[in-house]
Amino acid sequence: MTDPAHPSSPPADAAAPASAGEVASPAPAGDVADRAAAGFRQRYGAPAAGRWAAPGRVNLIGEHTDYNDGFVLPFALPLRTVVAAAPDDGDRWTVWSELTGDQVGFGADEVAAPGRVPGWAAYVAGVVWALREAGHRVPGARLAVASDVPLGSGLSSSAALEAAVLAALVDLGGLDLPAEGRPRLAQRAENAYVGAPTGIMDQSAAIRCRAGHALFLDCRTEAVEHIPFDLAAAGLAVLVIDSRAPHRHADGEYASRRAACEKAAGLLGVPALRDVAAADLDDALARLDDDETRRRVRHVVTEDQRVLDAVALLRAGRVRDIGPLLTASHASMRDDFEITVPEVDTAVEAALAAGAYGARMTGGGFGGCVLALVDADRADAVADAVTTRYAERGFRAPGFHLATPAPGAHRL
Ligand code: ADP
Ligand code: MG
């Protein structure tokens, strides 16, 4: 099978990252949906019954706060995954993906227990498994998947795939599963069936985001609030910079940060670091005797507060003013949580030097993407500046996407 992270023949019209200095606009609406529909017809010899889309996402602010029961503020990207689907007889599911170029079939045996479908199709089988586990009668189905969300860049192609498949199966089967219950189910598919330990943010964003808004999510209660985030009205844009840094030891480092946070919460006698208020931070730090642990705690506590501050500014319509919070978040990830790498630090520095109001790494760290808040008419210039600085440092050329807050999963 083709390595799903490195498909050998990506479609020519996919939203390929732009070449040096050029900002890639999102693929025109309809393209990816057309590709899913055409792929379906070609593979299965009949038209699909419908098409369902779900977006990739970036996290505006709130990094490594999710597993500390804290706050995050993602928004959905115009880049999306589309599933064209139709019912099939019995307990039989077949899925084809344009990005991997292969077709995988599975039946009731394979979705009876986690792990029986390997590779990329596990994300699909996992959704079927999780639905059945929750007592739903899942219809057999044929599915064709096309996507503009780059795989493995930290824009959450995995949750986009899960969310689009889930929306398709719920509609095809007429299942009673309101939107509030879907993120948890998709997360279960990824955690328990695929075996990837993620929080609830990615699936919540892919399912619950609204156009023109960021999603303020309390990871403890799973309560969400849609916060107006109208970049265009403010003459602003969010430039997403794919750092193209190879993910170095990301899994092990993630696990060690998580363990450090849990240990610190135990030492401080709280259920999670979310329970340390910013006002009590100094007291809490004084009770820890290890400098590294103190810095980890300081990142999480200050980051939660930055999310709350960003939400307050956005509620007041002060979009530009969140810039310094983004930059402070980056410094905290770099100095206290120690999860950045030279490529992302370079992208942040170059974007700020070129006039960005704020910039930060987004995602778990050790590579992935950077986002920069810029004047809309300066996006190209900022992208050029980042590309130039990258070349000076001998890094692989970065990729760029312009992000406007898009809607969550829906039927087309
Ligand atoms: P991210 O979610 O940040 O893109 P992950 O490693 O969590 O990175 O998920 C990427 C994986 O999800 C891919 O390697 C592949 O297995 C699967 N995947 C996502 N989208 C697709 C797609 N359109 N077609 C096939 N597999 C996909
Ligand atoms: Mg993912």
Side-chain angles (χ1 to χ4, degrees), residues 1-11 14-17 27 31-33 35-36 39-40 43 51-59 63 66 72 74 76-77 79-85 93-104 115 117-127 143-166 168 183 186-191 193-207 240 242-247 250-251 254 361-369 371 399 401 409:
M1 195 183 83
T2 319
D3 175 353
H6 301 97
S8 56
S9 53
D31 269 4
V32 63
R35 299 204 307 270
F40 188 98
R43 303 305 297 189
R51 294 173 303 181
W52 291 262
R57 62 97 190 94
V58 282
N59 189 21
E63 224 60 76
D66 57 348
V72 294
L77 296 173
L79 302 170
R80 55 198 186 144
T81 296
V82 175
V83 172
W93 296 271
T94 311
V95 59
W96 167 84
S97 170
E98 178 190 54
L99 280 177
T100 60
D102 65 341
Q103 184 171 309
V104 179
V117 174
W120 66 271
Y123 292 88
V124 180
V127 170
L143 310 138
V145 183
S147 183
D148 288 334
V149 188
L151 308 193
S153 288
L155 301 181
S156 203
S157 68
S158 58
L161 178 58
E162 292 151 9
V165 167
L166 182 56
Q187 184 201 13
R188 239 194 128 215
E190 184 150 347
N191 291 173
Y193 196 96
V194 179
T198 61
I200 191 77
M201 171 170 68
D202 296 353
Q203 291 81 7
S204 298
I207 292 167
V240 176
D242 186 340
S243 75
R244 298 276 175 76
H247 279 259
D251 291 351
Y254 176 87
M361 182 184 76
T362 177
F366 305 98
C369 289
L371 58 80
H401 304 282

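We count ligands from 1, going down the list as the structure has it; atoms in each ligand are counted the same way.
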Taking the Mg ion (ligand 2) as the center, what protein N, O or S atoms are found at less than 2.8 Å?
Ser158 OG

Are side-chain N/O atoms of Ser158 and Glu190 paired as donor and acceptor at under 3.5 Å?
yes

For Val145, atoms of ligand 1 separated by under 4.0 Å from a heavy atom
23 (N)

Would you say the side chain of His401 lies within less than 4.5 Å of the side chain of Pro150, judging by non-hydrogen atoms?
yes

Just which atoms of ligand 1 are under 4.0 Å from any heavy atom in Ser147?
23 (N)

Side-chain donor-acceptor pair under 3.5 Å between Thr362 and Asn59, yes or no?
no

Would a 4.5 Å heavy-atom cut-off, applied to side chains only, mark Val145 and Glu98 as touching?
no

Which ligand 1 atoms does Leu99 reach within 4.0 Å, using its non-hydrogen atoms?
23 (N)

Tell me the contacting part of Leu161 for ligand 1: side chain, backbone, both, or neither, using a 4.0 Å heavy-atom threshold, strictly below.
side chain

Output the list of atoms in ligand 1 that are nearer than 4.0 Å to some heavy atom of Ser97, sorted by atom number.
22 (C), 23 (N), 24 (N), 25 (C)

Determine, step by step, whether Arg80 and Asp148 satisfy the salt bridge (Lys or Arg N to Asp or Glu O under 4.0 Å) criterion, reporting the C-alpha distance in whole Å, the side-chain angles of both residues, the deciding distance to 0.1 Å, and the verdict.
CA-CA 5 Å; Arg80 55 198 186 144; Asp148 288 334; 5.9 Å; no

May I have the step-by-step check of side chain to side chain contact (heavy atoms under 4.5 Å, CB included) for Asp102 and Trp120, ending in yes or no?
CA-CA 10 Å; Asp102 65 341; Trp120 66 271; 2.8 Å; yes

Per side-chain contact (heavy atoms from CB on, under 4.5 Å), Ser147 is matched among Val82, Leu99, Val83 by Leu99

Tell me the nearest of Gly152, Gly154, Gly364, Ser157 to atom 19 (C) of ligand 1, using heavy-atom distances.
Ser157

In ligand 1, which numbered atoms sit nearer than 4.0 Å to a non-hydrogen atom of Thr100?
25 (C)

Would you indicate whether the side-chain heavy atoms of Asn191 and Thr198 approach each other to under 4.5 Å?
yes

Under a 4.5 Å cut-off applied to non-hydrogen side-chain atoms, are Val240 and Leu155 in contact?
yes

